[in-house]
Amino acid sequence: QVQLVESGGGLVQAGGSLRLSCAASGRTFSSVAMGWFRQAPGKEREFVAAISRSGDSTYYADSVKGRFTISRDNAQNTVYLQMNSLKPEDTAVYYCAARLHSRVGIYVDNYAYWGQGTQVTVSS
């Protein structure tokens, strides 16, 4: 079992930045690959970014590439999502997720464990 708790969401103007955090517990953090997803009202949950167990491999959705950065601190059992140059279309509930696999995953079904989500709202 892996428990995940996100934090860091909020309201920001377009062009601004936010950093999301996801604290993990319940299993050795370095044994799980991590991902961030988001879900806007009326839309399906979509992939944002993922990072391998060791942190040496990352993957991004095209819509956030060059603006968002995923990272992890295995000593602190935490994964981060640094979001820069935010746009109104980035508005969504952001979820972190964990999978018991060494490689990153980009599909919702790749992940067995999910946090409760944190709201990010970008005003124009």
Side-chain angles (χ1 to χ4, degrees):
Q1 287 284 350
V2 180
Q3 291 79 45
L4 303 170
V5 179
E6 302 98 334
S7 61
L11 174 63
V12 64
Q13 288 188 331
S17 298
L18 282 175
R19 188 175 83 154
L20 305 183
S21 300
C22 174
S25 62
R27 191 177 180 95
T28 303
F29 185 61
S30 59
S31 70
V32 296
M34 299 294 297
W36 285 97
F37 290 74
R38 66 187 182 186
Q39 188 166 18
K43 295 188 176 182
E44 293 187 352
R45 194 168 297 189
E46 65 174 6
F47 171 75
V48 175
I51 189 166
S52 61
R53 293 188 302 193
S54 64
D56 60 355
S57 178
T58 58
Y59 195 79
Y60 297 92
D62 288 343
S63 58
V64 306
K65 202 171 294 183
R67 300 188 298 122
F68 291 11
T69 303
I70 188 171
S71 62
R72 66 189 295 160
D73 183 340
N74 285 351
Q76 297 295 323
N77 292 352
T78 303
V79 63
Y80 303 97
L81 185 68
Q82 178 66 44
M83 306 186 294
N84 298 329
S85 303
L86 282 161
K87 305 175 181 180
E89 51 263 44
D90 294 318
T91 295
V93 177
Y94 283 70
Y95 299 89
C96 72
R99 67 185 306 232
L100 301 179
H101 200 285
S102 59
R103 294 164 61 183
V104 302
I106 65 171
Y107 301 105
V108 170
D109 288 347
N110 291 152
Y111 294 83
Y113 305 100
W114 293 83
Q116 83 289 348
T118 186
Q119 176 71 47
V120 171
T121 303
V122 185
S123 63
S124 56

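One-based numbering along the sequence shown. Only heavy atoms go into these numbers, but all of them, side chains included; no hydrogens, no water, no symmetry mates.
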**OP:** Give the intermediate values and the outcome of side chain to side chain contact (heavy atoms under 4.5 Å, CB included) for residues Ser30 and Arg53.
**Re:** CA-CA 5 Å; Ser30 59; Arg53 293 188 302 193; 5.7 Å; no
Subject >> Worked check of side chain to side chain contact (heavy atoms under 4.5 Å, CB included) between Tyr111 and Phe37 >> reply: CA-CA 11 Å; Tyr111 294 83; Phe37 290 74; 3.6 Å; yes
Original post:
What residues form a side-chain hydrogen bond (donor to acceptor under 3.5 Å, both in side chains) with Ser52, not counting sequence neighbours?
Top reply: Asp56
**OP:** Identify the heavy atoms of Ala98 and Leu4 that sit nearest to each other, and give their distance.
**Re:** N-CD1, 3.8 Å
Original post:
If only atom types and distance count, is the side chain of Glu6 paired as donor or acceptor with the main-chain N or O of Gln116 below 3.5 Å?
Top reply: yes
Original post:
Do the rings of Tyr59 and Phe47 sit parallel, tilted or perpendicular, given the 30° and 60° boundaries?
Top reply: tilted
Subject >> Residue pair Ala50 / Gly105: nearest heavy atoms and the distance that separates them >> reply: CB-O, 3.6 Å
Original post:
Got a sec, which residues hit salt bridge (Lys or Arg N to Asp or Glu O under 4.0 Å) with Lys43, two or more places apart in sequence or on another chain?
Top reply: none
**OP:** Inspect the contact between Asp62 and Lys65 and indicate whether a charged nitrogen and a carboxylate oxygen are less than 4.0 angstrom apart.
**Re:** yes
Listed pairs under 3.5 Å, donor-acceptor, residues 16-26 side chains, sequence neighbours left out:
unit_1	atom_1	unit_2	atom_2	d
Ser17	OG	Asn84	OD1	2.9

Subject >> Test log, rule side chain to side chain contact (heavy atoms under 4.5 Å, CB included), inputs Asp90 and Arg38 >> reply: CA-CA 9 Å; Asp90 294 318; Arg38 66 187 182 186; 2.9 Å; yes
Original post:
Between Thr118 and Ser7, is there a donor-acceptor pair closer than 3.5 Å when you use the side chain of the first and the backbone of the second?
Top reply: no
**OP:** Please check if the side chain of Tyr113 supplies one atom and the backbone of Leu100 the other of a donor-acceptor pair under 3.5 Å.
**Re:** no
Original post:
Can you name the closest pair of heavy atoms from Ala92 and Ala40 and give their distance?
Top reply: CB-N, 3.8 Å
Subject >> Nearest heavy-atom neighbours spanning Asp73 and Phe29 >> reply: O-CE2, 4.0 Å
Subject >> Gap between atom SG of Cys96 and atom OH of Tyr80 - 0.5 Å precision >> reply: 12.0 Å
Original post:
Is any side-chain heavy atom of Met83 closer than 4.5 Å to a side-chain heavy atom of Trp36?
Top reply: no
Original post:
Tell me the ring-ring contact (aromatic ring centres under 6.0 Å, His included) pairs involving residues 83-109, sequence neighbours left out?
Top reply: none
Original post:
When hydrophobic residues are tied together by side-chain contacts of less than 4.5 Å, even through go-betweens, does Trp114 share a cluster with Val32?
Top reply: no
**OP:** Measure across Thr78 and Gln76 and return the closest heavy-atom pair with its distance rounded to 0.1 Å.
**Re:** OG1-O, 2.8 Å
Subject >> Check: Val104 main-chain N/O paired with Arg99 side-chain donor or acceptor under 3.5 Å >> reply: yes
Original post:
Does Asn77 have any side-chain hydrogen bond (donor to acceptor under 3.5 Å, both in side chains) partners at least two apart in sequence or in another chain, and if so, which?
Top reply: none
Original post:
Under 4.5 Å between side-chain heavy atoms, hopping through other hydrophobics if needed: is there a path connecting Tyr60 to Val48?
Top reply: yes
**OP:** For Thr121, enumerate each residue passing the side-chain hydrogen bond (donor to acceptor under 3.5 Å, both in side chains) test, keeping only those at least two apart in sequence or located in another chain.
**Re:** Gln119
Original post:
Should Leu81 and Val79 count as side-chain neighbours, where that means a heavy-atom distance under 4.5 Å?
Top reply: no
